Visitor: 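Quick one: the structure is below, and I'll ask about it shortly.
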Amino acid sequence: MFSSSVDRALPKADLYRDLAASLRELLEGETDPIANLSNASGLLAQALERINWCGFYLLRRGELVLGPFQGKPACVRIPLGRGVCATAAERRETFVVPDVEKFPGHIACDAASRSEIVVPMLESGRLQGVLDVDAPEIGRFDGEDRAGLEAFVAILVPRIEWSRL
Ligand code: SME
C-alpha cells in the first residue's frame with residue numbers, strides 16, 4: 001500500500017521535493033492514464049493547502065475535456081482559446097493568474113476560486129492536456145509553485161501511456 005505522505009507545513013521548496021518523490025513512488029510500475037491522473041490529483045489535494053480544486057483537462061478532438069480531479073464538479077468541455085486552461089494549452093506555457101476576476105474570459109467553475117495556475121502537459125511536443133489548480137485566495141501561487149508543479153507534470157507525463165486514453 002502507498003503510505004508516504006507530504007507534510008503540508010514544509011517550506012515550499014521542500015514540499016515540492018517530497019511531492020515529486022511521492023509521485024514517483026505512487027506511479028511506480030503503472031502507466032494507465034486514468035489511474036495515474038487520478039492518483040496524481042489525489043496526491044496534490046493532500047499535499048497542497050489553501051486550494052479548492054485540482055485536476056486535469058485532457059485534449060480531445062480540439063477541445064479540453066474534464067479529466068480526473070479533486071473538488072467540486074466542474075465544467076466538462078472548454079473550447080480552445082477560452083479561459084485560463086485553454087489559453088495556457090494553446091500557448092503551451094504555464095499561466096499563473098493571481099486574480100481570476102482580472103483574467104479576460106476566465107471560466108468560473110467554482111465560485112470560490114480567486115487565483116489559479118495552469119500547467120500544460122506536453123508529451124514529445126504533443127499537447128495532451130493541462131493540470132489546473134485553483135485557490136480560494138488571491139495570489140496563492142508564486143514562482144515556487146510554478147517550478148514545483150511544472151516538475152510534477154514533467155514526472156507525470158512520461159509515466160502515462162497516452163495512447164490508452
Ligand atoms: N477556471 C478555468 C476553468 C476550469 S475550473 O477552474 C476547474 C478556466 O478559466 O479555464
Side-chain angles (χ1 to χ4, degrees), residues 6 8 12 15-16 19-20 22-23 26-27 32-123 125-157 159-160 162 165:
V6 178
R8 291 170 155 224
K12 278 187 188 177
L15 180 141
Y16 281 113
L19 183 64
S22 290
L23 182 66
L26 188 57
L27 304 185
D32 183 83
I34 299 298
N36 284 355
L37 292 170
S38 300
N39 264 338
S41 70
L43 185 61
L44 279 179
Q46 294 291 311
L48 300 183
E49 53 185 10
R50 296 161 24 239
I51 66 167
N52 58 303
W53 200 93
C54 64
F56 301 93
Y57 278 89
L58 304 172
L59 185 66
R60 292 184 186 270
R61 298 181 187 206
E63 63 182 350
L64 292 176
V65 180
L66 184 64
F69 71 94
Q70 309 276 313
K72 287 190 182 169
C75 329
V76 175
R77 292 177 190 275
I78 301 177
L80 284 185
R82 272 203 60 217
V84 185
C85 289
T87 305
E90 259 192 341
R91 301 225 194 131
R92 296 168 176 237
E93 63 186 59
T94 299
F95 269 58
V96 179
V97 180
D99 182 349
V100 295
E101 285 171 13
K102 294 192 175 136
F103 189 94
H106 168 254
I107 301 165
C109 291
D110 181 343
S113 298
R114 286 286 168 272
S115 57
E116 179 165 4
I117 181 167
V118 178
V119 182
M121 298 192 293
L122 298 169
E123 178 228 9
R126 196 177 315 134
L127 182 71
Q128 295 292 358
V130 299
L131 165 66
D132 179 21
V133 187
D134 291 12
E137 64 187 63
I138 286 177
R140 161 67 178 81
F141 305 104
D142 60 16
E144 282 188 296
D145 294 296
R146 178 195 187 113
L149 292 174
E150 285 179 345
F152 187 86
V153 162
I155 293 165
L156 179 60
V157 168
R159 285 171 171 80
I160 288 176
W162 293 97
L165 252 183

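No hydrogens, no waters, no symmetry mates; every other heavy atom, side chains included, goes into these values. Counting convention: from 1, in listed order, for ligands and their atoms alike. Since the structure is predicted, the reported quantities are computational estimates derived from the model, not experimental observations.
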Visitor: Run the numbers for me: atoms of ligand 1, each under 4.0 Å from some heavy atom of Gly83, listed by number.
Guide: 9 (O), 10 (O)
Visitor: Nearest 0.5 angstrom please: Tyr57 OH to Met121 CE, how far?
Guide: 12.5 Å
Visitor: Please identify which atoms of ligand 1 are closer than 4.0 Å to at least one heavy atom of Trp53.
Guide: 7 (C)
Visitor: Going by heavy atoms in the side chains, are Val157 and Leu122 under 4.5 Å from each other?
Guide: no
Visitor: Just to confirm my output: which protein heavy-atom neighbour is closest to atom 1 (N) of ligand 1, and how far is it?
Guide: Ile107 O, 2.7 Å
Visitor: Given Phe56, which partner from the list Ser41, Ser38, Cys85 fulfils the side chain to side chain contact (heavy atoms under 4.5 Å, CB included) test?
Guide: Ser41
Visitor: Using the rule given for salt bridge (charged side-chain N to carboxylate O under 4.0 Å, His left out), can you reason through Arg8 versus Glu49, listing the C-alpha separation, both sets of side-chain angles and the distance that settles it, and then say yes or no?
Guide: CA-CA 6 Å; Arg8 291 170 155 224; Glu49 53 185 10; 5.0 Å; no
Visitor: Which value, rounded to the nearest 0.5 Å, describes the distance between Trp53 atom CH2 and Asp110 atom CG?
Guide: 10.0 Å
Visitor: What do you reckon, does Tyr57 have a nitrogen or oxygen under 3.5 Å from a nitrogen or oxygen of ligand 1?
Guide: no
Visitor: Do any nitrogen or oxygen atoms of Ala86 come within less than 3.5 Å of a nitrogen or oxygen of ligand 1?
Guide: no
Visitor: Does the side chain of Asp134 come under 3.5 Å of the side chain of Ser115 through a donor N or O and an acceptor N or O?
Guide: no
Visitor: Glu116 versus ligand 1: do any nitrogen or oxygen atoms come within less than 3.5 Å of each other?
Guide: yes
Visitor: Considering only heavy atoms of Asp134, which atoms of ligand 1 have at least one such atom less than 4.0 Å away?
Guide: 5 (S), 6 (O)
Visitor: Evaluate salt bridge (charged side-chain N to carboxylate O under 4.0 Å, His left out) for Lys12 paired with Asp145, printing each intermediate quantity in order.
Guide: CA-CA 7 Å; Lys12 278 187 188 177; Asp145 294 296; 2.5 Å; yes
Visitor: Once you round to the nearest 0.5 Å, how far does CG of Leu165 lie from CD of Gln128?
Guide: 7.5 Å
Visitor: Within the structure, does Ile78 bring an N/O atom to less than 3.5 angstrom of an N/O atom in ligand 1?
Guide: no
Visitor: Counting from 1, what ligand 1 atoms have a heavy atom of Cys109 closer than 4.0 Å?
Guide: 3 (C), 4 (C), 5 (S), 7 (C)
Visitor: Only heavy atoms of Asp132, strictly under 4.0 Å: list the atoms of ligand 1 that pass.
Guide: 4 (C), 5 (S), 6 (O), 7 (C)
Visitor: Decide, yes or no, whether a salt bridge links Arg140 with Glu116 under the criterion of side-chain N to carboxylate O below 4.0 Å.
Guide: no
Visitor: Quick check: does Arg82 get an N/O under 3.5 Å from an N/O on ligand 1?
Guide: no
Visitor: At less than 4.0 angstrom from any non-hydrogen atom of His106, what atoms of ligand 1 do you find?
Guide: 1 (N), 9 (O)
Visitor: Return the residue, atom name and 0.1 Å-rounded distance of the protein heavy atom closest to atom 8 (C) of ligand 1.
Guide: Val84 N, 3.4 Å
Visitor: Below 3.5 Å, N or O to N or O, backbone or side chain included: is there any such pair between Cys85 and ligand 1?
Guide: yes
